[in-house]
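Residue numbering restarts at 1 for every chain, and letters A, B, ... go by the order of the sequence lines. From a predicted model like this one, the values you see are computed outputs, not experimental measurements.
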Amino acid sequence: MEQITTSLAPPRSTHKVGVAGSSSDASGSVTKRLSNELMQLMMSSSPGISAFPKSDANLFEWVGTIEGPSGTIYAGLTYKISITFPPNYPYAAPTLKFDSPCYHPNVDLNSGAICLDILQDKWSAVYSVQTILISLQSLLGEPNNASPLNPDAAALWDSPSEYKTSLMKHYTPPGDNFA
Amino acid sequence: MASPGVQALVEAKWQSAFKTLNREEPGISGLLKTSQARQLASDFLRPRALSEPRRKYRADVMANAFRLLYQTKQLHGVLENFLEEMRQQRHLITEDVEAYMHEYEVRPYAFVLVTEVHETADSQIIAQLVHRLVEWFNAWRPTTETDGHPGPLESLGHVAIDSYTDAFQTHIYSVLPPSFSSGFKDLIASTLPVSDPAPPPDRALWDAFHALGLIERYESLISSVCYELVEKHVVETCAGQWSERMLQDLRDWMQNKVLPWMCLPYAPGARTMEEAGASLHGVGPRFDFHVCKTLCDLRTSEIFDIIVDYPDSIDALYDLKECLYRVDQRSNLVQSLRKANKKRLLHPGADTKDILAQYVSTIRSLRIVDPPGVLLYKVADPIRRYLRDRADTIRCIVSSLVGDNENGESLIDDEPPLPYLTKDAEDYSDPHWEPEPIDAGPDFRANKPGDVISTLVSIYDTKDVFVKELQVLLAQRLLAVTDGNYEKERRNIEILKVRFGEQALQVCEVMLRDMTDSRRIDQHVQSQKPSILHPVIISRHFWPSLQSGSFVMPQKLRSIQEEYAREFTAFKPDKRLVWLSHMGSVKLELELQDRTIEAEVTPVAAAIIELFSEKDVWTAGELMAQMQRLDKEHLRKGLNVWVDLGVLKEEGADKYRLLEVAEESSKKEGTVSAPKPKELPAVQTTQQQQAEQMRVFWNYIEGMLTNLGSLPLDRIQNMLKFARGYDRSIEQLGMFMEAARREGLVVVRDGMWRLNK
């Protein structure tokens, strides 16, 4: 399925651009898609995930909030992430990174970069902000220790109590003040 | 003088020719014989008038003569001679033709009044002419055939006959006047198998046509006769007949009646149906096409009425579909239907309800004719645009959604509801994706398998308007229910949920729950302290705002209310009852001096009659002063109820008297029960709609405060433009945020709002 959609997507996009003729139309459709996704996200009740554009001037920069899934070591923790959409979204994946430091095998502690397949080679236009956030949320509880960005965290994963200590050492709860 | 060489050449030629002609016979006797034979042959072949008696020739003599000519290679010369003589003689034919045609051309004037007669007579003249020409043709035909054995002339192959036929036909074509065409057409038409059973075909006539080559020459004329027959038959049998499939009948008719006739011109000499079929191979499809085209044209012209008759006309639509498959007249159909719609449907004289009904029928009909929906898209556009401009469209659609229209039929049950889709973009993961049909316009949206309701709902860009209208309607219906049976409403809501989504109908859900909760609360209150009052307790925030203007109840009724309210507060300490005194109904029994009256009336009427228990005569002004805040209209209505029941009597201007003793005219034995107040509770919409919208916007506010921390009011206002349809002023937003703060959802400090965690 994914392969079908990804192989279809590029020619379709060029076709659409060819028909539309101007890039302003194309960016208009991206804006429309993004505001649809925003509405979808606002209207659905997915517990523990949320996102909103940073400012009313730019729909391509969002801020997201993820709460750690209950029953996992991250339960009760809240993380801020930033989402940047490329101009040719949804044909290319958005860029996500953690704003608050996140101690996690698949997250780079300093830069906040995330290693998640659907954000890289497995991206498909059928995904949305909501599905990304849900994937990210489940990644917190189920890390992929095979390809760690943070080898220390990956090594510690199997000893929960030590892991929890390191986790809490790096955790800073998001404050209310927003720049 | 010529040189000796040339002389020798000429002499050799001469000798050779002489030898051929003389055939080695002594002297010049061979030459003489040849010459004789030639004379004989020329005389035999010579074209002559039909009236001229033909000499008898002895067959063997003729045969010898021709053989001789053949041997001496003179047949060609004889033939050329014959054709030349024919040219000289052809004035005979010309005269004949002119005589017949003159008769034909003159006749119509003589018989102009007797149409039937002269038509047959006319074509008979043409038939006679044709037979006459065949006589000429046969008489002049150069043939030496004897008893079916080919003679020497035939040994030339087709050359002799062909050149003769060419020459003959060229001539008659040149002499036949233009009026012959119309005469010929009439003649052909007279042979058509219109009557039942068809008369046996006049084979001699058709053979004559073939002999003279008229079939080839007037081919288009013959087919036009046949086309006209088809058109006439189709219009006669199919016009207005929409309740059965006609196409197959028409094809049977073609097969059984027209085809045998068509064999005459198109498949002469075919003995079996197979042979005929082979000959008709090229012609048959052409006529089948014409049948389809004619039916298609007919149905296209009737399409509006066919749609009106849907679903009785369903068979006509299947016919049309099959025809359109064969004949490409889709654009005609669209044009015709659009024109008819514009003329007959989309004008101020048509009811919105009717337009909607016709639109729904159009949707269903065209879905039969053209499943991908291109036709529908093209036709529907003007209807949708027109409907969008009508003020009461939403109300009509919503009431048909919940089965509120007059014949009680609901659109809901028709099809399995499909989830309401808000996707604008194409679905990239659809494995059944198909390209758009070839005649789809650039703005044709790929066919969503939308059912009728989603199509109706999609007239508007947003479904919110429907949900709002639905709430208003639901409020009216719920309040009108008196027996506590809300199953129907619940079912409707469940079905509509699938369509509009859980979220959108949440408010309706609350309204329904209010109704059942009211009953439970009432049961509780009654168990504590029995009361004659059974209120419906509604959550003000979720209901459309109800008509305000509560008046002051007379003391007796007010005390009942207050008592009930006390019990309620005891049960639910955090809630307070606000009475909407003017709504609901009161069942009461009036004990008058001579009679008892039972009636179920509005609370206003009950309050009025209660006041009459104090004194018998009131003026309208006094009553209004007593009840306060009651407008004149309601007072008048309340009074009229009692006047109608013969309890009150209007005496002079705005003065009413209680009739303790019934007057003659209205006196009845026993009890009189008043008709139940039929009026539906008046529900106001605007304010309520705003409240609902605010709920949507609250999701956005929650979203932004979750992610962006605390925000000043003006940032919130600016960010809310992401929410579609947001049009509140910052003051309204401030009031809303303040309300949210009171409910403990948000906190504010130094003008910065944040969620209360």
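Rounding to the nearest 0.5 Å places CD of B/Glu502 at 14.0 Å from CE of A/Met43. Between the NZ atom in A/Lys80 and the CG atom in B/Asn707 there is a gap of 5.0 Å [rounded to 0.5 Å]. One finds the CE atom of B/Met704 at 10.5 Å from the OG atom of A/Ser50 (value rounded to the nearest 0.5 Å). How far CE of B/Met719 is from NZ of A/Lys54: 11.0 Å, rounded to the nearest 0.5 Å. Taking CG from A/Leu59 and CZ from B/Phe722, the interatomic distance works out to 5.0 Å, rounded to the nearest 0.5 Å.
Counting heavy atoms from C-beta outward, B/Tyr700 and A/Met39 have side chains that approach closer than 4.5 Å. Here the side chains of B/Leu705 and A/Phe52 are not in contact, with every heavy-atom distance at 4.5 Å or above.
Contacts of A/Glu37 classified as salt bridge (charged side-chain N to carboxylate O under 4.0 Å, His left out), with partners at least two apart in sequence or in another chain: A/Arg33.
The local environment of CE in A/Met168 is crowded, with over 12 non-hydrogen atoms from other residues, nucleotides or ligands closer than 6.0 Å.
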Tabulate below the donor-acceptor pairs under 3.5 Å that side-chain atoms of residues 506-513 of chain B make, not counting sequence neighbours, or state none.
none

